[in-house]
**Student:** 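This structure is in structure tokens; I'll ask about it shortly.
All figures in this text were calculated on a predicted structure; none of them were measured in a lab.
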Amino acid sequence: PYQLGETEVTWQIVDNSGNMIEVVQLVTVTNTDPIANAGLDQVLECTSQNGVELTLDATASSDADPGDLLDYRWEAVDITFDDPDSATPAATFPHGSTTVQLTVTDQCGGSSTTDLLIIVEDTTSPQIQAALVDRNVLWPPNHEMIPVALDLLVSDLCSAPEDLIVICYVDSDESDDENGDGSSTGDVAGQDGHSQTVEIPLTYNAATERWQGDLELRAERDGGGDGRKYSIRCVAADSSGNATMATVCVTVPKSKGKNK
């Protein structure tokens with residue numbers, strides 16, 4: 001076969017008498033570069049903590065030269081394709097934006113490239129599957145500070161639980177020093193949880209895969225009221241700003257038989 005470009009060919013023609021002439025012919029071989037087509041940019045929802053698995057498709061790439069076969073090459077930073085030289089490779093794309101480059105080459109060495117943008121979004125809120133305290137009722141109302149342990153089971157489709165932002169606050173529906181509740185103050189972890197919410201320090205326990213916190217609440221209530229309620233409100237949010245809330249309560253009932 002002739003090489004791409006111009007080739008000068010000399011032909012020798014000899015008749016039966018031995019007469020010979022030479023003819024020079026110029027052979028020109030041209031090639032049209034292929035057109036790389038990686039499809040349309042895509043915006044996808046993540047399906048796991050790793051992102052989303054996607055199969056790409058370059059079969060719409062073309063070449064104007066009849067019979068020209070195409071070779072494919074896919075490349076992207078930090079992306080592993082199952083077969084980067086396939087027209088339809090699969091790969092897992094993480095949360096965020098990834099630019100993929102497709103290069104298509106024909107048999108004559110002509111090539112073209114195109115870029116494909118893959119955007120993986122997270123629009124699903126985390127779930128607080130359980131918000132538990134080790135005691136829901138404080139009794140007797142003896143004005144003592146009682147330790148309370150908080151335990152949260154939190155999950156998210158696109159984030160590991162330890163990577164979530166988890167914040168809990170507690171407040172009281174009674175002021176610290178009501179009539180009939182003694183003269184103590186600092187009823188919520190040493191602070192006034194009625195005038196403002198008090199944040200509960202939390203840590204992630206990798207062994208149990210739970211968020212945990214400890215606080216002290218005072219076992220007292222207004223003697224003339226219907227009991228005291230401490231409300232613990234927890235918010236879990238992911239890096240995309242999706243959030244969810246759960247509430248768990250601890251009460252100091254008016255009487256022993258109430259809320260017990």
Side-chain angles (χ1 to χ4, degrees), residues 45-52 78 92-96 120-177 181 184-221 227-253 259-260:
E45 182 75 11
C46 67
T47 57
S48 72
Q49 295 176 14
N50 295 323
V52 61
D78 296 329
T92 298
F93 292 87
H95 180 230
V120 179
E121 295 183 335
D122 175 11
T123 61
T124 303
S125 297
Q127 291 186 335
I128 300 178
Q129 296 169 288
L132 306 172
V133 288
D134 63 345
R135 59 185 77 204
N136 293 96
V137 176
L138 305 182
W139 189 267
N142 57 7
H143 314 293
E144 297 293 325
M145 296 295 291
I146 306 300
V148 176
L150 174 65
D151 187 272
L152 298 170
L153 178 60
V154 184
S155 65
D156 186 66
L157 182 63
C158 303
S159 303
E162 63 268 27
D163 295 330
L164 297 173
I165 302 169
V166 182
I167 302 174
C168 292
Y169 296 91
V170 58
D171 61 40
S172 170
D173 66 348
E174 292 183 348
S175 62
D176 277 6
D177 196 13
D181 71 354
S184 54
T185 58
D187 292 355
V188 178
Q191 303 179 55
D192 182 356
H194 181 69
S195 60
Q196 62 181 10
T197 58
V198 178
E199 185 173 354
I200 304 171
L202 299 175
T203 58
Y204 181 74
N205 187 327
T208 62
E209 298 183 339
R210 291 173 179 260
W211 286 87
Q212 296 173 332
D214 296 289
L215 71 156
E216 290 189 336
L217 301 174
R218 193 177 302 279
E220 70 177 27
R221 77 284 188 268
R228 175 178 293 189
K229 180 171 71 175
Y230 296 105
S231 297
I232 301 172
R233 298 177 176 86
C234 297
V235 176
D238 59 28
S239 59
S240 297
N242 305 303
T244 190
M245 176 182 287
T247 301
V248 60
C249 296
V250 179
T251 61
V252 185
N259 294 335
K260 282 288 280 182

**Student:** Would you please say whether a donor-acceptor pair under 3.5 Å links the side chains of Thr123 and Glu45?
**Tutor:** yes
**Student:** Taking only residues two or more places apart in sequence or in another chain, which ones pass side-chain contact (heavy atoms from CB on, under 4.5 Å) with Ser239?
**Tutor:** His95
**Student:** Find out whether Leu138 and Thr251 are in side-chain contact, i.e. whether some heavy atom of one side chain is under 4.5 Å from a heavy atom of the other.
**Tutor:** no
**Student:** Would you mind reporting whether Ile146 and Arg218 have side-chain heavy atoms less than 4.5 Å apart?
**Tutor:** no
**Student:** Determine whether Thr124 and Cys158 make a side-chain contact, defined as any pair of heavy atoms from C-beta on separated by less than 4.5 Å.
**Tutor:** no
**Student:** Please tell me if the side chains of Val248 and Leu132 come closer than 4.5 Å, counting only heavy atoms from C-beta onward.
**Tutor:** no
**Student:** With a 4.0 Å cut-off, would you call Asp173 and Lys229 a salt bridge?
**Tutor:** no
**Student:** Return the set of residues passing side-chain hydrogen bond (donor to acceptor under 3.5 Å, both in side chains) with Asn205 (not counting sequence neighbours), or none when no residue passes.
**Tutor:** Gln212
**Student:** Output yes when a side-chain donor or acceptor of Asp151 lies under 3.5 Å from a complementary backbone atom of Ala131, and no otherwise.
**Tutor:** no
**Student:** Does some side-chain heavy atom of Ser184 sit less than 4.5 Å from a side-chain heavy atom of Glu220?
**Tutor:** yes
**Student:** Could you state the interatomic distance from CG (Leu152) to CD (Glu209), rounded to the nearest 0.5 Å?
**Tutor:** 14.5 Å
**Student:** Looking only at non-hydrogen atoms, find the nearest pair between Ala219 and Pro140 and report the distance.
**Tutor:** CB-O, 3.5 Å
**Student:** With the side chain counted from C-beta on, respond yes when Ser172 and Arg228 share a heavy-atom pair under 4.5 Å apart, and no when they do not.
**Tutor:** yes
**Student:** Rounded to the nearest 0.5 Å, how far apart are CG of Asp163 and CG of Asp156?
**Tutor:** 9.5 Å
**Student:** Taking only residues two or more places apart in sequence, or in another chain, which ones meet Asp171 in a salt bridge (charged side-chain N to carboxylate O under 4.0 Å, His left out)?
**Tutor:** Arg233
**Student:** I'd like to know if the side chain of Ser240 and the backbone of Asn242 have a donor-acceptor N/O pair within less than 3.5 Å.
**Tutor:** no
**Student:** Suppose the criterion is ring pair (Phe, Tyr, Trp, His ring centres under 6.0 Å): which pairs have a residue in residues 200-219, not counting sequence neighbours?
**Tutor:** Tyr204-Trp211
**Student:** I want to check something: taking the side chain as every heavy atom from C-beta on, are Asp238 and Asp122 in contact at a cut-off of under 4.5 Å?
**Tutor:** yes
**Student:** Checking Asp214 now: which residues fulfil side-chain contact (heavy atoms from CB on, under 4.5 Å) with it, not counting sequence neighbours?
**Tutor:** Ala149
**Student:** For Asp192, which residues count as a salt bridge (charged side-chain N to carboxylate O under 4.0 Å, His left out) partner, sequence neighbours excluded?
**Tutor:** none
**Student:** With a 4.5 Å cut-off on side-chain heavy atoms, are Val52 and Thr92 touching?
**Tutor:** no
**Student:** Among Asp134, Asn136, Ile200, Val170, exactly one meets side chain to side chain contact (heavy atoms under 4.5 Å, CB included) together with Val148. Which residue is that?
**Tutor:** Asp134
**Student:** To the nearest 0.5 Å, how far apart are CG in Leu153 and CD in Gln127?
**Tutor:** 9.5 Å
